[in-house]
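Owing to the predicted nature of the structure, the values given are computational and were not obtained by experimental measurement. Positions are given from 1, in the same order as the sequence printed here.
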Amino acid sequence: MSETTFTSFDTMVDKANRLLRDIEEANGWPKDRRKQSYAALRAVLHRLRDRLSVDGAAHLGAQLPTLIRGVYYDGWKPSESPVKLTGEEFFQCVRDDFPYAVDGGIEAVVQTVLEALKRYVSEGEWNHLKSGLPNSLAVVLP
């Protein structure tokens, strides 16, 4: 059997792995903690998505790498958005969804995930995202 590759799939996987690697490196986690970086990314993405308006969530999702977009939309119920959260409630929800104990606390994990995500989103969309959040949550975004 010959092996075939589809370059677009390879590119999608590479972008997803690069984002996870960025999270790992920023937190000082070794590659063998990939499940942990994925859990951090997923928890932050879901809480951010749920806090945004449906339009805001769709605009952000459109800019994410393709495989990450699937994680972002997984389980989303647009009819239940937005979920009103303060900054502290946002951190608590991420903490509830992230089953690992880490140095620096959940705030540091959230910050590194958001900094990694920012590299994949246009500056205009990132600023629009921040302006659509309450101040207690907008200040969390880099």
Side-chain angles (χ1 to χ4, degrees), residues 3-142:
E3 182 179 326
T4 61
T5 59
F6 187 52
T7 305
S8 293
F9 286 149
D10 292 342
T11 301
M12 288 185 280
V13 170
D14 287 344
K15 284 182 180 179
N17 279 324
R18 190 173 326 125
L19 178 55
L20 294 171
R21 192 170 44 250
D22 290 347
I23 293 167
E24 290 160 1
E25 289 173 0
N27 285 296
W29 300 339
K31 184 179 178 180
D32 65 354
R33 290 172 75 177
R34 181 64 40 105
K35 287 182 182 179
Q36 187 169 307
S37 59
Y38 172 77
L41 175 64
R42 182 180 175 87
V44 172
L45 281 175
H46 284 187
R47 291 301 150 220
L48 188 57
R49 173 205 69 198
D50 291 346
R51 180 57 187 95
L52 296 171
S53 68
V54 172
D55 283 348
H59 284 288
L60 176 60
Q63 294 204 5
L64 297 174
T66 305
L67 288 179
I68 302 305
R69 191 176 313 139
V71 172
Y72 178 72
Y73 284 118
D74 185 41
W76 188 37
K77 296 177 183 165
S79 63
E80 297 177 10
S81 293
V83 175
K84 304 293 184 189
L85 296 172
T86 65
E88 186 48 46
E89 290 167 334
F90 178 86
F91 284 124
Q92 185 58 52
C93 288
V94 172
R95 193 176 291 115
D96 293 345
D97 291 345
F98 184 70
Y100 300 93
V102 293
D103 293 336
I106 200 67
E107 292 82 0
V109 170
V110 168
Q111 193 65 38
T112 59
V113 169
L114 291 171
E115 288 170 1
L117 282 172
K118 186 177 178 185
R119 296 181 194 117
Y120 294 89
V121 177
S122 72
E123 184 177 348
E125 180 57 34
W126 196 259
N127 290 335
H128 186 268
L129 171 70
K130 287 177 81 165
S131 70
L133 295 172
N135 287 340
S136 65
L137 191 50
V139 298
V140 173
L141 275 69

Taking C-beta and beyond as the side chain, do [X] and [Y] meet within less than 4.5 Å on heavy atoms?
{"X": "E107", "Y": "R95", "result": "yes"}
{"X": "Y120", "Y": "I68", "result": "no"}
{"X": "L137", "Y": "R51", "result": "yes"}
{"X": "R34", "Y": "N17", "result": "yes"}
{"X": "P65", "Y": "R18", "result": "no"}
{"X": "Q36", "Y": "F98", "result": "yes"}
{"X": "K35", "Y": "Y100", "result": "yes"}
{"X": "Q111", "Y": "P142", "result": "yes"}

From [X] [atom1] over to [Y] [atom2], what is the distance, rounded to the nearest 0.5 angstrom?
{"X": "L52", "Y": "L60", "atom1": "CG", "atom2": "CG", "value": "6.5 Å"}
{"X": "L133", "Y": "L85", "atom1": "CG", "atom2": "CG", "value": "10.0 Å"}
{"X": "F91", "Y": "I106", "atom1": "CZ", "atom2": "CD1", "value": "8.5 Å"}
{"X": "S81", "Y": "D55", "atom1": "OG", "atom2": "CG", "value": "11.0 Å"}
{"X": "Q92", "Y": "D97", "atom1": "CD", "atom2": "CG", "value": "10.0 Å"}

Original post:
Stepwise, does the side chain to side chain contact (heavy atoms under 4.5 Å, CB included) test hold for V71 with L67?
Top reply: CA-CA 7 Å; V71 172; L67 288 179; over 6 Å; no

Original post:
Have N27 and T112 got a donor and an acceptor in their side chains that come within less than 3.5 Å?
Top reply: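 Checked: N27/T112 side chains pair up, N/O donor to acceptor below 3.5 Å.
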
**OP:** For the residue pair S136 and E88, confirm or rule out a side-chain donor-acceptor distance under 3.5 Å.
**Re:**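 Per modelled atom types, S136 and E88 side chains form no pair under 3.5 Å.
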
**OP:** Begin with the C-alpha distance, continue with both residues' side-chain angles, and end with the deciding distance and a verdict on side chain to side chain contact (heavy atoms under 4.5 Å, CB included) for V94 and H46.
**Re:** CA-CA 9 Å; V94 172; H46 284 187; over 6 Å; no

Original post:
Under 6.0 Å from the CG atom of D32, do we count more than 12 heavy atoms belonging to anything else shown?
Top reply: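 More than 12 within 6.0 Å, yes.
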
Distance-only, no hydrogens or angles: does the [X] side chain make a donor-acceptor pair with backbone N or O of [Y] under 3.5 Å?
{"X": "R69", "Y": "G61", "value": "yes"}
{"X": "H59", "Y": "L129", "value": "no"}
{"X": "R49", "Y": "Y72", "value": "yes"}

Subject >> L48 vs L114, side chain to side chain contact (heavy atoms under 4.5 Å, CB included): CA-CA, chis, key distance, verdict >> reply: CA-CA 10 Å; L48 188 57; L114 291 171; 4.1 Å; yes

Looking at [Y] and [X], is any side-chain nitrogen of the basic one under 4.0 Å from a carboxylate oxygen of the acidic one?
{"X": "D22", "Y": "R119", "result": "yes"}
{"X": "E24", "Y": "R33", "result": "no"}
{"X": "K77", "Y": "D50", "result": "no"}
{"X": "K118", "Y": "E125", "result": "no"}

Subject >> Heavy-atom closest pair, residues A58 and Y73 >> reply: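 Closest approach of A58 to Y73, heavy atoms only: CA-OH, 3.4 Å.
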
**OP:** Let me see the working for L64 and L117 under side chain to side chain contact (heavy atoms under 4.5 Å, CB included), right down to the final yes or no.
**Re:** CA-CA 8 Å; L64 297 174; L117 282 172; 4.0 Å; yes

